Amino acid sequence: MASSTPPGHCTLTAAKPYQNHHLHHPHNRHLHHPTSSHQSWRPPQVSLNNQASHARPAFPCLSDFSGRRSTRCVSKMHFGRPRSTTSRHSAAAEEALQLALSCGGEVSNIDDILVDFQPKLRASDDYTFLLRELGNRGDWVNAMRCFEFAISIEKRRNEKGKLASSMISTLGRLGKADLAKRVFDVAVNEGYGNTVYAYSALISAYAKSGYCDEAILVFRSMKDSGLKPNLVTYNALIDACGKGGADYKRASEIFNDMLENGVLPDRITYNSLLAVCSGAGLWEVARSLFDEMVHRRIDQDIYTYNTLLDAACSGGHIDVAFEIMATMAAKSVFPNEVTYSTMIRGCAKAGKMDQALNLFNEMKLAGIKLDRVSYNTLLAIYASLGRFDEAFAVGKEMESIGIKKDVVTYNSLLDGFGKQGMYDKVKELFVEMKRGNLCPNLLTYSALISSYCKGGLYKEATEAYTEFKRQGLKADVVFYSNLIDALCKKGLVESCALLLDEMMRDGIQPNVVTYNSIINAFGQSETVDYVEAQIESSNSLTYTGGKMVVKEDDRIIEVFKQLACGKSGNVKQDQRTRKDFRCVLGIFRKMHEMKIKPNVVTFSAILNACSRCNSFEEASLLLEELRLFDNQVYGVAYGLLMGHNEHTWSQALSLFDEVKRMDSSTASAFYNALTDMLWHFGQKRGAQLVVLEGKRREVWENTWTKSCIDLHLMSSGAARAMVHAWLLNIRSTVFEGHELPKLLSILTGWGKHSKVVGDGALKRAIEALLVSIGAPFEVAKCNIGRFVSTGAVVTAWLRESGTLKVLVLEDDRTLPRARFDLLPNLQPLPL
DNA sequence: TTAGGGTTAG
């Protein structure tokens, strides 16, 4: 029977792609000890060690069945969020600011204003106000000018220190961490920067730019200087752990350090810890922290809730997120525009577009004004769906209320048009955004270059990449993964191997997404020779966490040039299967070596590669070998493939329990891949059992009624197994003496959900199946994605003597003999 | 000192 808890030896966690740790006992064990002091509490612990403390299974379990589908990194941050301050500035400072703002940001003007106002401005308060306000408007040049002027006239060390801290934090908010460091260094050298405030501001500046290592170094040097970190310092440092790669282990170490040093955590500490969990995909830990906050009587605020909701949405728990959102008002924390855009994005990611759009209406009804991000979120949803008219309408509405399209708006549009293969439109928009003086960022170039590669426009890709480098932008793991995926989808695995090599040379560690893209390319690739050699030879290039080999030339340009010339090797068709599978194993080994945990997507990718392979021996050998890495996951796939029903099924149910915790699209991809593989190799009964288990667990929404079966979210194997099950189900209705509905429908869609838009592969597979079993259905006149029949015709067919035989599925292999009597879930289908 | 934009399966 299905168990609600995973087996003891199984550690399926929800960690971010670049995290390799396992999480032990995520639930906070201190919740039941109300008398324990802060010092006795520790945040839920994470271990970097893969070895669980409890008994080891016969085979290790190394997969990370993370349901997390996206990551957050600092490049997404929009800098310069205005800061609300309780200012102690004078009316003269206000006047000076207005004057500075009205004269267009010329440096000479600000100098004149500063000189003119000098007699009226009051020490650090007024200058702090001026430089902060200028900074809030993005004008860091004049803010610096103002700071330097104030420092030059100020004699008191204390006041100079205040100015320096303000300048550092202002630069930090603007993402100018390097400049902030320069200000800090000068301040320390000149004897006014050695304060907790200056150090904390610099830590925060590094945090905002995602430089966690640097923030920690500053923290250490602060301690070395004899300064005692305070609450703000610790909070900023924990924040750095979130923004610099969602490192929960580090965050919890800092938290412990904080407690040991007698600094009590506050609401912001918890909010920052929650943000780390959200970024790391540690939903359960986030929930424990939230409970801990309640228990500790630390008030929750809108940040707490919004971060918690983000963690829930990112973990695929959109229903839980709605439940939490519904409790907010009772705590006098009212959803704001951030709450809504978080939830809307969560819905959109989970494929619940109707709910996402409903939330927009709800937001308007609640009188919450849509802001820049809300509009961009809505626009991105439409753009991602290829609904460009609606996306542009949102853009217009946004502009009509005075919010200009920004770089995020354009990034969404570029991405959307790129995904639809509308490359001319991509080019046009890129020109338009530059004409509007918008500065393309890493995300812009990532979308642009990947789109061009997808479209085979390598000349354009080269140009865009050259421009990207010229801007001084640095590629990150997502940039590379996106590019690698685009090339993999074209079957250019050779080029991907080069890029993989290049990114490691550049000191960027590939993550599970990078490798999953490469695995996905197998079986549909043009060539595998080269990648195999690369995977083997890149042993010496294993990432060590620091800077790696200094790059001599740019291999990305080289790759594009080769592609533009049409140079990509080919391997004879008959050599592919064997090599492909050896390669998948090689990649798996490499991931293991690099401590990159395969996840559920890896599993689906491998099974899909098996489904593209015509050799049962090769596929079973691969799965058998993969059991050495993770027996729970690959043991189930292997067992079902081999027809080992007895123990496999109970293992499978445990695995399905794990999958149940993930979001619906992740879960359905898993079931789709598994059933496809089983169907492909003739394990049709097994495929049907899996698909029915998926149905029982509501993996696909509203799969069937008596009159209709909806297959549009299924793979062809899953759909075919499901059609058999449905027909057997309605057959039992007929034999029980009930009438079938007048009209029966089989929905396949027309390929909207397939990788190739309009491909219709599912429809063709179902059509062939219906023909082969003689089912009397035909394509509906008004909907090419629907097969229809009348109840009477289908009843007559179901009553025919030969129908039952064609509907009941068998496995090609059943070793040993299945013992259905022991397993209630394996009861034969109702006949 | 804390919250909402980009990559894999489908």
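Note that this is a predicted model, so its numbers are computed, not measured. Numbers restart at 1 for each chain; the letters A, B, ... are given by sequence-line order, proteins then strands.
Of the candidates B:dG6, B:dT8, B:dT1, the closest approach to any side-chain atom of A:S169 belongs to B:dT1. Residue A:D476 places its side chain closer to B:dG6 than to any other of B:dG6, B:dA3, B:dT2. Of the listed nucleotides (B:dG10, B:dT1, B:dG6), B:dT1 has the atom at the smallest distance from the side chain of A:D239. Considering only side-chain atoms of A:S517, the nucleotide from B:dG10, B:dT8, B:dT2 that sits closest is B:dT8. Of the candidates B:dG6, B:dG4, B:dG10, B:dG6 carries the atom nearest the A:V478 side chain, counting heavy atoms from C-beta on. For A:V601, the side-chain atoms get nearest to B:dT8 when compared with the rest of B:dT8, B:dG6, B:dT2. Candidate nucleotides B:dG6, B:dA9, B:dT2 were compared by shortest atom distance to the side chain of A:N520, and B:dA9 ranks first. For A:V232, the listed nucleotide lying nearest its side chain is B:dT1; candidates were B:dG6, B:dT1, B:dA3. When distances are taken from the side chain of A:A669 to each of B:dG6, B:dA3, B:dG10, the shortest belongs to B:dG10. Of the listed nucleotides (B:dG4, B:dA3, B:dG6), B:dG6 has the atom at the smallest distance from the side chain of A:L442.
Using modelled atom types, one finds no donor on one side chain facing an acceptor on the other under 3.5 Å when comparing A:S272 with A:D239.
Of the side-chain N and O atoms in A:K349, none sit less than 4.0 angstrom from OP1 or OP2 of B:dT7. In terms of phosphate contacts, A:R345 brings no side-chain nitrogen or oxygen within less than 4.0 Å of OP1 or OP2 of B:dA3.
Within 3.5 Å, a donor on the side chain of A:T666 pairs with an acceptor on the base of B:dA9, or the reverse. Between the side chain of A:S481 and the base of B:dT7, at least one donor-acceptor pair of N or O atoms lies under 3.5 Å. The base of B:dG4 is not paired with the side chain of A:N376 by any donor and acceptor separated by under 3.5 Å. For B:dA3, the base has a donor-acceptor partner in the side chain of A:N336 [N/O atoms by modelled type, under 3.5 angstrom]. Taking 3.5 Å as the limit, the base of B:dT7 and the side chain of A:N482 contain no donor-acceptor pair of atoms between them.
Using a 4.0 Å heavy-atom cutoff across all strands shown, A:S200 reaches no nucleic acid atom at all. A:D406 comes within 4.0 angstrom of no nucleic acid atom, judged by non-hydrogen atoms across all strands. At a threshold of 4.0 angstrom between heavy atoms, the contacts of A:S668 with the nucleic acid are absent. Nucleic acid contact class of A:S341 (heavy atoms, under 4.0 Å, all strands): base. At the heavy-atom level, A:T304 lies nowhere under 4.0 Å from the strands shown. Contact annotation for A:Y340: no contact, since no heavy-atom pair falls under 4.0 Å across all strands. Across all strands shown, A:D485 has heavy atoms under 4.0 Å from sugar-phosphate atoms exclusively, and none from any base.
Formation of a donor-acceptor pair under 3.5 Å by the A:S278 side chain with backbone atoms of A:L274 is not found in this model. The closest donor-acceptor contact from the side chain of A:S450 to the backbone of A:S446 lies under 3.5 Å. Judged purely by atom type and a 3.5 angstrom limit, A:S611 uses its side chain to pair as donor or acceptor with the backbone of A:M677.
The heavy-atom pair separating A:N511 from A:V513 by the smallest distance is OD1-N, 2.9 Å.
Here the C1' atom of nucleotide B:dG4 and the CE atom of A:M325 are 12 Å apart, to the nearest Å. The nearest whole Å value for the distance from the CZ atom in A:R173 to the C1' atom in B:dT1 is 11 Å.
Applying the salt bridge (charged side-chain N to carboxylate O under 4.0 Å, His left out) test to pairs two or more places apart or on separate chains, those with a residue in residues 477-486 of chain A are A:D485-A:K489.
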